[in-house]
Amino acid sequence: MNRTEKIIFGAGALCACTALFFLNPTQHDFMPRCLWKSMMGYDCPGCGFQRALHAALHGRLLEAAHYNLFLILVIPYLIALIVSDWILTGERAARWQRVTHSQWMLWGYVVLYFLWWVLRNVMGI
Amino acid sequence: MNSYYYLDAANQQQGPLDGNLLPSKGVTAQTLVWAQGMAEWTAAGQVAELQPLFQAAQPAQPQFQQPAQPQYQQYQQPAQPQVQQPEQPQYQQNYGQAQYQQHYAQAQQPGAQGFQPKPDNYLVWAILTTICCCWPLGIVAIVYAAKVNNLYMTGQYQAAQEASANAKKWSIITAIGGAVVVLLYVIFYVIMGAAIVSGARW
(Lines give C-alpha, C1' and ligand atoms only; values in the text may rest on other atoms or scores of the structure.)
Protein backbone atom coordinates (compact mmCIF):
# COMPACT_ATOMS: atom_id res chain seq x y z
CA MET A 1 0.00 0.00 0.00
CA ASN A 2 1.56 3.26 -1.02
CA ARG A 3 0.37 6.65 0.16
CA THR A 4 -2.09 7.24 -2.70
CA GLU A 5 -3.76 3.86 -2.19
CA LYS A 6 -4.07 4.53 1.54
CA ILE A 7 -5.76 7.86 0.86
CA ILE A 8 -8.15 6.26 -1.65
CA PHE A 9 -8.98 3.49 0.82
CA GLY A 10 -9.54 5.96 3.65
CA ALA A 11 -11.75 8.16 1.46
CA GLY A 12 -13.74 5.13 0.31
CA ALA A 13 -14.26 3.91 3.89
CA LEU A 14 -15.33 7.41 4.94
CA CYS A 15 -17.82 7.65 2.04
CA ALA A 16 -19.29 4.24 2.88
CA CYS A 17 -19.68 5.16 6.57
CA THR A 18 -21.23 8.54 5.71
CA ALA A 19 -23.71 6.87 3.35
CA LEU A 20 -24.57 4.26 5.99
CA PHE A 21 -24.99 6.95 8.63
CA PHE A 22 -27.62 8.83 6.63
CA LEU A 23 -29.33 5.91 4.87
CA ASN A 24 -31.19 3.35 6.93
CA PRO A 25 -30.97 0.05 5.01
CA THR A 26 -34.30 -1.11 6.45
CA GLN A 27 -36.12 1.87 4.92
CA HIS A 28 -34.64 2.16 1.43
CA ASP A 29 -35.27 -0.45 -1.23
CA PHE A 30 -32.26 0.58 -3.31
CA MET A 31 -29.78 -0.42 -0.58
CA PRO A 32 -28.16 -3.55 -1.98
CA ARG A 33 -29.34 -6.81 -0.51
CA CYS A 34 -27.29 -9.94 -0.15
CA LEU A 35 -27.27 -11.92 -3.37
CA TRP A 36 -26.89 -15.16 -1.46
CA LYS A 37 -29.90 -14.49 0.75
CA SER A 38 -32.02 -13.40 -2.20
CA MET A 39 -31.27 -16.66 -4.01
CA MET A 40 -31.06 -19.19 -1.19
CA GLY A 41 -33.23 -17.66 1.50
CA TYR A 42 -30.54 -18.25 4.14
CA ASP A 43 -28.43 -15.61 5.86
CA CYS A 44 -24.80 -15.44 4.78
CA PRO A 45 -22.13 -14.67 7.42
CA GLY A 46 -22.04 -11.03 6.36
CA CYS A 47 -25.80 -10.48 6.22
CA GLY A 48 -26.93 -7.54 8.30
CA PHE A 49 -23.64 -5.68 8.28
CA GLN A 50 -25.15 -2.58 6.64
CA ARG A 51 -27.99 -2.44 9.18
CA ALA A 52 -25.51 -3.17 11.98
CA LEU A 53 -23.14 -0.40 10.84
CA HIS A 54 -26.03 2.03 10.51
CA ALA A 55 -27.16 1.25 14.06
CA ALA A 56 -23.60 1.34 15.43
CA LEU A 57 -22.90 4.71 13.78
CA HIS A 58 -25.95 6.06 15.61
CA GLY A 59 -24.66 4.65 18.89
CA ARG A 60 -27.15 1.79 19.11
CA LEU A 61 -24.58 -0.92 19.75
CA LEU A 62 -26.95 -3.57 21.12
CA GLU A 63 -29.14 -3.28 18.06
CA ALA A 64 -26.01 -3.54 15.90
CA ALA A 65 -24.98 -6.76 17.65
CA HIS A 66 -28.47 -8.10 17.05
CA TYR A 67 -28.15 -7.62 13.27
CA ASN A 68 -24.79 -9.35 13.03
CA LEU A 69 -23.14 -10.75 16.15
CA PHE A 70 -20.02 -11.80 14.24
CA LEU A 71 -19.11 -8.16 13.58
CA ILE A 72 -18.25 -7.77 17.28
CA LEU A 73 -15.20 -9.90 16.48
CA VAL A 74 -14.54 -8.85 12.90
CA ILE A 75 -14.52 -5.05 13.25
CA PRO A 76 -11.84 -4.95 16.00
CA TYR A 77 -9.80 -7.54 14.09
CA LEU A 78 -10.08 -5.53 10.89
CA ILE A 79 -8.97 -2.36 12.69
CA ALA A 80 -6.01 -4.19 14.24
CA LEU A 81 -5.08 -5.53 10.79
CA ILE A 82 -5.21 -2.08 9.20
CA VAL A 83 -3.05 -0.68 12.00
CA SER A 84 -0.50 -3.50 11.75
CA ASP A 85 -0.32 -3.62 7.94
CA TRP A 86 -0.82 -0.08 6.76
CA ILE A 87 -0.20 2.35 9.63
CA LEU A 88 2.72 0.94 11.59
CA THR A 89 6.09 0.22 9.96
CA GLY A 90 9.27 -1.62 10.84
CA GLU A 91 9.67 -3.41 14.16
CA ARG A 92 6.35 -2.23 15.62
CA ALA A 93 4.47 -3.49 12.58
CA ALA A 94 6.26 -6.83 12.82
CA ARG A 95 5.28 -7.15 16.51
CA TRP A 96 1.60 -6.48 15.73
CA GLN A 97 1.64 -8.82 12.75
CA ARG A 98 2.96 -11.69 14.83
CA VAL A 99 -0.50 -11.61 16.45
CA THR A 100 -2.79 -10.40 13.65
CA HIS A 101 -1.23 -12.69 11.03
CA SER A 102 -0.65 -15.73 13.22
CA GLN A 103 -1.83 -19.07 11.90
CA TRP A 104 -4.12 -19.38 14.92
CA MET A 105 -5.79 -16.12 14.06
CA LEU A 106 -6.28 -16.90 10.38
CA TRP A 107 -7.53 -20.46 10.75
CA GLY A 108 -9.57 -19.44 13.79
CA TYR A 109 -11.25 -16.85 11.63
CA VAL A 110 -12.07 -19.38 8.91
CA VAL A 111 -13.49 -21.87 11.44
CA LEU A 112 -15.53 -19.22 13.28
CA TYR A 113 -16.79 -17.89 9.96
CA PHE A 114 -18.35 -21.20 8.97
CA LEU A 115 -19.50 -21.95 12.51
CA TRP A 116 -21.25 -18.58 12.63
CA TRP A 117 -22.78 -19.21 9.22
CA VAL A 118 -24.35 -22.47 10.35
CA LEU A 119 -25.35 -21.29 13.83
CA ARG A 120 -27.07 -18.11 12.73
CA ASN A 121 -29.29 -20.05 10.34
CA VAL A 122 -29.96 -22.95 12.70
CA MET A 123 -30.58 -20.84 15.78
CA GLY A 124 -31.98 -17.81 14.01
CA ILE A 125 -29.47 -15.32 15.45
CA MET B 1 7.58 7.02 -4.92
CA ASN B 2 7.38 3.35 -3.93
CA SER B 3 7.99 2.02 -0.44
CA TYR B 4 11.27 0.17 -0.08
CA TYR B 5 12.72 -2.39 2.26
CA TYR B 6 16.44 -2.02 2.91
CA LEU B 7 19.24 -3.77 4.74
CA ASP B 8 20.78 -1.87 7.63
CA ALA B 9 24.41 -2.03 8.74
CA ALA B 10 23.70 -5.29 10.59
CA ASN B 11 22.16 -6.82 7.42
CA GLN B 12 18.75 -6.73 9.07
CA GLN B 13 15.74 -6.09 6.87
CA GLN B 14 14.13 -2.69 7.62
CA GLY B 15 11.17 -0.81 6.25
CA PRO B 16 9.05 -0.54 4.23
CA LEU B 17 9.79 3.13 3.92
CA ASP B 18 9.05 5.79 1.33
CA GLY B 19 11.97 5.95 -1.12
CA ASN B 20 12.59 9.65 -0.45
CA LEU B 21 13.40 8.90 3.20
CA LEU B 22 16.00 6.22 2.47
CA PRO B 23 19.09 8.52 2.48
CA SER B 24 18.08 9.85 5.91
CA LYS B 25 18.27 6.26 7.23
CA GLY B 26 21.86 5.86 6.07
CA VAL B 27 21.03 4.07 2.84
CA THR B 28 23.73 4.63 0.20
CA ALA B 29 23.88 3.81 -3.51
CA GLN B 30 25.41 0.44 -2.55
CA THR B 31 22.76 -0.56 0.01
CA LEU B 32 20.54 -3.41 -1.11
CA VAL B 33 16.88 -2.43 -1.36
CA TRP B 34 13.72 -4.17 -2.45
CA ALA B 35 10.21 -2.98 -3.30
CA GLN B 36 7.00 -4.68 -4.36
CA GLY B 37 7.36 -5.74 -7.98
CA MET B 38 11.16 -5.99 -8.02
CA ALA B 39 12.54 -9.41 -8.89
CA GLU B 40 15.56 -9.24 -6.61
CA TRP B 41 17.30 -7.16 -3.96
CA THR B 42 19.19 -4.48 -5.84
CA ALA B 43 21.73 -1.78 -4.93
CA ALA B 44 19.79 1.45 -4.37
CA GLY B 45 21.98 3.22 -6.96
CA GLN B 46 20.76 0.75 -9.59
CA VAL B 47 17.06 1.46 -9.01
CA ALA B 48 15.93 4.01 -11.61
CA GLU B 49 13.50 5.74 -9.27
CA LEU B 50 16.11 6.14 -6.50
CA GLN B 51 19.06 7.17 -8.67
CA PRO B 52 18.44 10.95 -8.40
CA LEU B 53 18.68 10.69 -4.60
CA PHE B 54 22.21 9.38 -4.73
CA GLN B 55 23.69 11.11 -7.76
CA ALA B 56 24.26 14.42 -5.98
CA ALA B 57 25.56 12.99 -2.72
CA GLN B 58 27.61 10.09 -4.07
CA PRO B 59 30.99 10.99 -5.57
CA ALA B 60 32.11 7.45 -4.72
CA GLN B 61 30.36 5.95 -7.75
CA PRO B 62 32.58 7.29 -10.60
CA GLN B 63 35.67 6.54 -8.54
CA PHE B 64 34.56 2.98 -8.26
CA GLN B 65 33.92 2.61 -11.99
CA GLN B 66 37.13 4.09 -13.32
CA PRO B 67 39.67 1.36 -12.57
CA ALA B 68 37.71 -1.09 -14.67
CA GLN B 69 37.74 1.13 -17.74
CA PRO B 70 41.13 0.37 -19.32
CA GLN B 71 40.63 -3.31 -18.87
CA TYR B 72 37.37 -3.18 -20.73
CA GLN B 73 38.81 -1.19 -23.62
CA GLN B 74 41.70 -3.58 -24.01
CA TYR B 75 39.32 -6.43 -24.24
CA GLN B 76 36.96 -4.79 -26.71
CA GLN B 77 39.52 -3.23 -29.05
CA PRO B 78 40.40 -6.23 -31.20
CA ALA B 79 36.81 -7.16 -31.84
CA GLN B 80 35.26 -3.71 -32.33
CA PRO B 81 36.01 -1.25 -35.13
CA GLN B 82 37.78 1.88 -33.93
CA VAL B 83 34.72 4.03 -34.51
CA GLN B 84 33.00 2.34 -31.59
CA GLN B 85 35.63 3.35 -29.09
CA PRO B 86 34.38 6.78 -27.99
CA GLU B 87 30.94 5.40 -27.28
CA GLN B 88 30.94 5.80 -23.53
CA PRO B 89 27.27 5.11 -22.72
CA GLN B 90 27.49 1.58 -24.06
CA TYR B 91 30.27 0.86 -21.64
CA GLN B 92 28.35 2.14 -18.69
CA GLN B 93 25.35 0.10 -19.65
CA ASN B 94 27.38 -3.07 -19.80
CA TYR B 95 28.96 -2.31 -16.52
CA GLY B 96 25.61 -1.74 -14.87
CA GLN B 97 24.48 -5.10 -16.09
CA ALA B 98 27.53 -6.83 -14.70
CA GLN B 99 26.98 -5.16 -11.36
CA TYR B 100 23.35 -6.20 -11.41
CA GLN B 101 24.28 -9.79 -12.13
CA GLN B 102 26.73 -9.71 -9.28
CA HIS B 103 24.01 -8.64 -6.89
CA TYR B 104 21.64 -11.13 -8.44
CA ALA B 105 24.13 -13.90 -7.73
CA GLN B 106 24.50 -12.66 -4.16
CA ALA B 107 20.77 -12.77 -3.64
CA GLN B 108 20.67 -16.33 -4.94
CA GLN B 109 23.12 -17.53 -2.31
CA PRO B 110 21.45 -19.40 0.52
CA GLY B 111 22.99 -17.10 3.12
CA ALA B 112 21.46 -14.03 1.53
CA GLN B 113 17.98 -15.45 1.33
CA GLY B 114 17.11 -14.40 4.85
CA PHE B 115 16.78 -10.84 3.55
CA GLN B 116 13.76 -11.52 1.38
CA PRO B 117 10.89 -9.36 2.60
CA LYS B 118 7.60 -11.06 3.31
CA PRO B 119 5.23 -10.76 0.35
CA ASP B 120 2.00 -8.91 1.02
CA ASN B 121 -0.83 -11.33 1.83
CA TYR B 122 -3.65 -8.80 1.27
CA LEU B 123 -5.36 -10.00 4.46
CA VAL B 124 -7.29 -6.77 5.06
CA TRP B 125 -8.96 -7.14 1.67
CA ALA B 126 -9.67 -10.83 2.23
CA ILE B 127 -11.39 -10.17 5.58
CA LEU B 128 -13.33 -7.24 4.13
CA THR B 129 -14.63 -9.30 1.22
CA THR B 130 -15.82 -12.14 3.47
CA ILE B 131 -18.05 -9.67 5.30
CA CYS B 132 -19.10 -7.10 2.71
CA CYS B 133 -19.53 -9.05 -0.48
CA CYS B 134 -21.69 -11.91 0.78
CA TRP B 135 -19.27 -14.08 -1.10
CA PRO B 136 -17.57 -16.83 0.89
CA LEU B 137 -15.03 -16.83 -1.95
CA GLY B 138 -13.09 -14.40 0.23
CA ILE B 139 -12.25 -17.44 2.39
CA VAL B 140 -10.07 -18.71 -0.46
CA ALA B 141 -8.09 -15.48 -0.21
CA ILE B 142 -7.66 -15.98 3.56
CA VAL B 143 -6.38 -19.51 3.02
CA TYR B 144 -3.80 -18.18 0.55
CA ALA B 145 -2.90 -15.40 3.00
CA ALA B 146 -2.21 -18.05 5.65
CA LYS B 147 -0.08 -19.95 3.11
CA VAL B 148 2.00 -16.83 2.38
CA ASN B 149 2.98 -16.59 6.07
CA ASN B 150 3.61 -20.29 6.41
CA LEU B 151 5.74 -20.61 3.28
CA TYR B 152 7.68 -17.48 4.17
CA MET B 153 8.47 -18.80 7.66
CA THR B 154 9.83 -22.04 6.19
CA GLY B 155 11.98 -20.16 3.69
CA GLN B 156 10.05 -21.08 0.53
CA TYR B 157 10.13 -17.55 -0.84
CA GLN B 158 9.20 -18.41 -4.42
CA ALA B 159 6.12 -20.35 -3.31
CA ALA B 160 5.25 -17.55 -0.86
CA GLN B 161 5.30 -15.08 -3.76
CA GLU B 162 2.93 -17.31 -5.72
CA ALA B 163 0.57 -17.65 -2.75
CA SER B 164 0.69 -13.87 -2.38
CA ALA B 165 -0.33 -13.45 -6.02
CA ASN B 166 -3.19 -15.91 -5.47
CA ALA B 167 -4.36 -14.11 -2.32
CA LYS B 168 -4.43 -10.89 -4.32
CA LYS B 169 -6.23 -12.53 -7.24
CA TRP B 170 -8.99 -14.02 -5.08
CA SER B 171 -9.50 -10.83 -3.09
CA ILE B 172 -9.90 -8.94 -6.36
CA ILE B 173 -12.25 -11.55 -7.86
CA THR B 174 -14.43 -11.45 -4.74
CA ALA B 175 -14.36 -7.66 -4.46
CA ILE B 176 -15.18 -7.12 -8.13
CA GLY B 177 -17.93 -9.74 -7.99
CA GLY B 178 -19.42 -8.03 -4.94
CA ALA B 179 -19.10 -4.56 -6.48
CA VAL B 180 -20.80 -5.70 -9.70
CA VAL B 181 -23.70 -7.20 -7.74
CA VAL B 182 -24.11 -4.01 -5.69
CA LEU B 183 -23.93 -1.85 -8.82
CA LEU B 184 -26.47 -3.97 -10.71
CA TYR B 185 -28.76 -3.84 -7.70
CA VAL B 186 -28.63 -0.04 -7.41
CA ILE B 187 -29.04 0.44 -11.19
CA PHE B 188 -32.00 -1.94 -11.18
CA TYR B 189 -33.73 0.04 -8.43
CA VAL B 190 -33.00 3.40 -10.02
CA ILE B 191 -34.55 2.18 -13.28
CA MET B 192 -37.50 0.64 -11.40
CA GLY B 193 -37.96 3.86 -9.46
CA ALA B 194 -37.85 5.94 -12.64
CA ALA B 195 -40.37 3.61 -14.31
CA ILE B 196 -42.77 3.88 -11.36
CA VAL B 197 -42.47 7.68 -11.19
CA SER B 198 -42.99 8.13 -14.93
CA GLY B 199 -45.78 5.52 -14.90
CA ALA B 200 -47.59 7.43 -12.17
CA ARG B 201 -47.34 10.63 -14.13
CA TRP B 202 -48.92 9.15 -17.26
Item to check | Top contributor to chain B interface from Thr89(A), Thr4(A), Val74(A) [non-hydrogen pairs under 4.5 Å] | outcome: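 The residue among Thr89(A), Thr4(A), Val74(A) with the greatest pair count is Val74(A).
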For [X], I'd like to know if atom [atom1] has over 12 heavy atoms of other residues, nucleotides or ligands within 6.0 Å.
X        : atom1 : answer
His58(A) : NE2   : yes
Met38(B) : CE    : yes
Lys6(A)  : NZ    : yes
Ile7(A)  : CD1   : yes
Glu5(A)  : CD    : yes
Arg60(A) : CZ    : yes

Next on the checklist: Checking Arg120(A) now: which residues fulfil side-chain contact (heavy atoms from CB on, under 4.5 Å) with it, not counting sequence neighbours?
Outcome noted: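 Listed in chain order: Asp43(A), Cys47(A), Asn68(A), Trp116(A), Ile125(A).
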Item to check | All side-chain contact (heavy atoms from CB on, under 4.5 Å) counterparts of Ala141(B), not counting sequence neighbours | outcome: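 side-chain contact (heavy atoms from CB on, under 4.5 Å) list for Ala141(B), sorted by chain: Ala126(B), Trp170(B), Ser171(B).
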Next on the checklist: Give me the atom names and distance for the closest heavy-atom approach of Asn149(B) to His101(A).
Outcome noted: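 Closest heavy-atom pair between Asn149(B) and His101(A): ND2-O, 2.9 Å.
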Checklist entry - If you take all heavy atoms of Phe70(A) and Ile131(B), which pair is closest and at what distance? => result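 Taking every non-hydrogen atom into account, CD2-CD1, 4.0 Å.
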Measure [X] against the heavy atoms of chain B and call it side chain, backbone, both or neither at under 4.5 Å.
X         : answer
Thr100(A) : backbone
Gln50(A)  : neither
Leu78(A)  : side chain

Checklist entry - Taking non-hydrogen atoms and a cut-off under 4.5 angstrom, which of residues 9-22 of chain A neighbour chain B? => result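 Only Phe9(A) of residues 9-22 of chain A have a heavy atom under 4.5 Å from chain B.
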Item to check | Part of Asn150(B) within contact of chain A (heavy atom distance under 4.5 Å) | outcome: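 Looking at Asn150(B), backbone and side chain both touch chain A.
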Next on the checklist: Measuring from atom OH of Tyr113(A) to atom CD1 of Ile139(B), what distance do you get when rounded to the nearest 0.5 angstrom?
Outcome noted: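 Nearest 0.5 Å value for the OH-CD1 distance: 5.5 Å.
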Checklist entry - When you look at Leu106(A) and Leu123(B), which way does the side-chain contact (heavy atoms from CB on, under 4.5 Å) test go after all the steps? => result CA-CA 9 Å; Leu106(A) 292 180; Leu123(B) 190 54; 3.3 Å; yes
Checklist entry - Using a cut-off of under 4.5 Å for heavy-atom pairs, which of Asp120(B), Val190(B), Val143(B), Leu17(B) has the most such pairs with chain A? => result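 Result: the option with the highest number of such pairs is Val143(B).
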Item to check | Among the listed options Tyr122(B), Phe188(B), Trp125(B), the residue most often paired with chain A at heavy-atom distances under 4.5 Å | outcome: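 Top option by heavy-atom pairs under 4.5 Å: Trp125(B).
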Item to check | Side-chain touch Asp18(B)/Arg3(A), heavy atoms, less than 4.5 angstrom | outcome: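 No; the side chains remain at least 4.5 Å from each other.
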Next on the checklist: Taking ring-ring contact (aromatic ring centres under 6.0 Å, His included) as the definition, give me every residue that meets it alongside Tyr189(B), ordered by chain and number, with sequence neighbours left out.
Outcome noted: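 Tyr189(B): ring-ring contact (aromatic ring centres under 6.0 Å, His included) contacts with Tyr185(B).
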Checklist entry - Should Thr130(B) and Tyr109(A) be marked as a side-chain contact (heavy atoms from CB on, under 4.5 Å) after you check the CA-CA gap, both sets of side-chain angles, and the distance that decides it? => result CA-CA 10 Å; Thr130(B) 57; Tyr109(A) 183 87; 2.8 Å; yes
